[in-house]
Amino acid sequence: MTEKCGVVGVSLDGREAARPLYYALYALQHRGQESAGIVTHDGFQQHSHVEMGLVGEAFEEDDLDVLKGGAGIGHVRYPTAGSVDSSCAQPFSVSFKSGSLGLSHNGNLVNADEIREELAALGHAFTSDGDTEVIAHDLARNLLEEDLVRAVKRTMQRIHGSYALTICHDDTVIGVRDPVGNRPLCIGELEDGYMLASESAAIDTLDGELVRDVRPGELVVLQADGDGFDSYQLLEREQTAHCFFEHVYFARPDSIVDETLVYEARRSLGRKLWEESGVETDVVMPVPDSGRAFASGYADAASETTADGESRAENDDGVEFAEGLMKNRYVGRTFIMPTQDERERAVRLKLNPIKSTIEGKTVTVIDDSIVRGTTSTQLVQLLKDCGAEEVHVRIGAPEIVAPCYMGIDMATREELIASDKTTDEIRETIDADSLAYLSTEAIAEVLGTKRIDLCLGCVTGEYPFDIDGEATDRDVTRPDLGGKTLHADD
Ligand code: SF4
């Protein structure tokens with residue numbers, strides 16, 4: 001399971017944007033490793049450098065030197081919609097009659113094909129099959145007739161799906177978040193300007209201050225003199241649909257997403273996991289690195305109460321927290337392994353157990369999710385081979401039963417182990433002594449929100465968008481495209 005993209009944008013007074021963007025992309029590298037790119041504007045012309053590879057591989061010193069101008073946007077990408085090749089690498093840039101546009105997109109449109117067909121019929125030529133180019137063409141077309149704010153609103157009224165966008169229109173940098181705020185985007189203040197980023201960790205990297213999240217349906221326009229930003233609430237919905245997996249898995253633990261520090265959210269989810277399904281074992285250990293905060297919260301809660309919810313006796317320390325698995329950081333992430341056989345080998349390469357913390361003990365191992373079940377099966381086997389007497393598995397999220405259409409590369413329904421197996425059947429498959437997941441109610445409680453204000457599509461099979469052949473969890477329909485290009489609803 002992997003996040004798809006990270007976006008960033010800066011507008012600085014008297015300083016080149018390229019290096020701050022480069023550093024910010026480093027901070028967002030976990031959100032995409034396939035390609036990296038930066039587009040800047042110097043007030044006269046647009047400059048672009050987009051390459052396949054990690055941020056450190058995509059840019060040489062010279063590349064940054066030619067990216068002139070104090071305004072710019074950046075992007076790291078792992079592909080979801082569109083081909084796995086350089087034609088879909090971003091930022092996407094285009095020049096048209098009334099200027100230039102650079103676009104960075106995190107998310108996925110579910111009606112991109114309809115809009116592409118419509119625009120192609122009007123004479124637009126597309127160079128990729130990605131949805132970002134569709135947004136760029138739609139916006140460019142609207143900019144021929146409208147000012148920036150009205151043009152963005154018109155495009156927002158036509159596109160349906162998840163998007164957090166940073167856009168460079170000539171030397172104006174803007175940020176846009178879809179009306180339900182599915183993907184994260186925040187605003188930061190720097191010494192000499194303002195920035196936008198998928199995660200606040202990118203703002204920290206530039207010694208900036210997090211101002212706030214971009215609101216769902218909001219357009220933020222960074223002022224060119226670096227003095228501030230203007231806000232336009234262009235679309236409003238009754239409910240939000242924040243992706244809960246940002247907190248569970250995707251975002252960096254040191255990021256604040258939708259006003260919640262991800263590390264604290266994960267610790268609290270770990271505490272909930274103990275309350276809901278704690279089991280008294282000798283040790284609890286995380287699957288590194290993603291399970292660490294959950295396991296530490298779980299062990300904390302276990303030191304206060306027993307699995308039955310009773311207060312601990314004074315001489316009872318609860319379940320010991322131990323680092324029983326070491327991660328080899330130089331092995332590729334399992335999801336890029338194309339065959340099942342290679343994936344299985346990768347788990348063995350990636351995790352090495354510390355025998356003394358496992359041998360002869362009852363063990364609880366905590367992870368953030370089970371996708372195909374391959375990793376969990378290997379892991380339980382690994383711990384048993386190391387002499388664990390019992391292996392109990394606890395997961396800091398509910399069962400993933402359905403795919404994601406909002407820009408997360410997850411797996412097909414057929415590949416998801418929980419799509420057609422009960423929890424006990426999964427337990428049997430992975431050969432654990434017990435298995436428990438966190439409830440959706442616990443997620444909503446920890447994130448301090450109502451269930452309906454979260455996207456829970458992949459764990460309920462009901463989505464906050466109108467997706468062909470899938471159920472929805474709210475009253476939602478795709479925009480009617482007819483005529484919107486020519487007649488914007490003010
Ligand atoms: S379906 Fe799941 S992964 Fe995708 S946006 Fe919704 S909660 Fe996030």
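All ligand and atom numbering here is 1-based and tracks the order in the structure.
- With ligand atoms numbered from 1 in the order given, ligand 1 contributes 3 (S), 4 (Fe) to contacts under 4.0 Å with heavy atoms of I408.
- Taking D213 as the reference, nothing meets the salt bridge (charged side-chain N to carboxylate O under 4.0 Å, His left out) condition, with sequence neighbours excluded.
- Annotation for ligand 1: atoms under 4.0 Å from non-hydrogen atoms of M410 are 3 (S).
- Atoms of ligand 1 found under 4.0 Å from any heavy atom of N182, numbered from 1 in the order shown, are 5 (S).
- Note on ligand 1: E246 sits outside its first shell, no heavy atom being nearer than 4.0 Å.
- C404 lies close to atom 4 (Fe) of ligand 1, since one of its N, O or S atoms is found at a distance under 2.8 Å.
- In this structure, R478 and D468 approach most closely via the heavy-atom pair NH2-OD1, 3.2 Å.
- Judged purely by atom type and a 3.5 angstrom limit, R266 has no side-chain atom pairing as donor or acceptor with the backbone of D368.
- The backbone N or O of V214 sits less than 3.5 Å from a side-chain atom of R177, completing a donor-acceptor pair.
- Short contacts between ligand 1 and C243, defined as distances under 4.0 Å to a heavy atom of the residue, involve ligand atoms 3 (S), 5 (S), 7 (S), 8 (Fe).
- The contact set between ligand 1 and C458, taken as ligand atoms under 4.0 Å from a residue heavy atom, comprises 1 (S), 2 (Fe), 3 (S), 7 (S).
- Atom CG of L379 sits about 12.0 Å away from atom OG1 of T374, to the nearest 0.5 Å.
- Centroid-to-centroid, the aromatic rings of F59 and Y22 come within less than 6.0 Å.
- In the vicinity of R183, heavy-atom distances shorter than 4.0 Å reach the ligand 1 atoms 5 (S).
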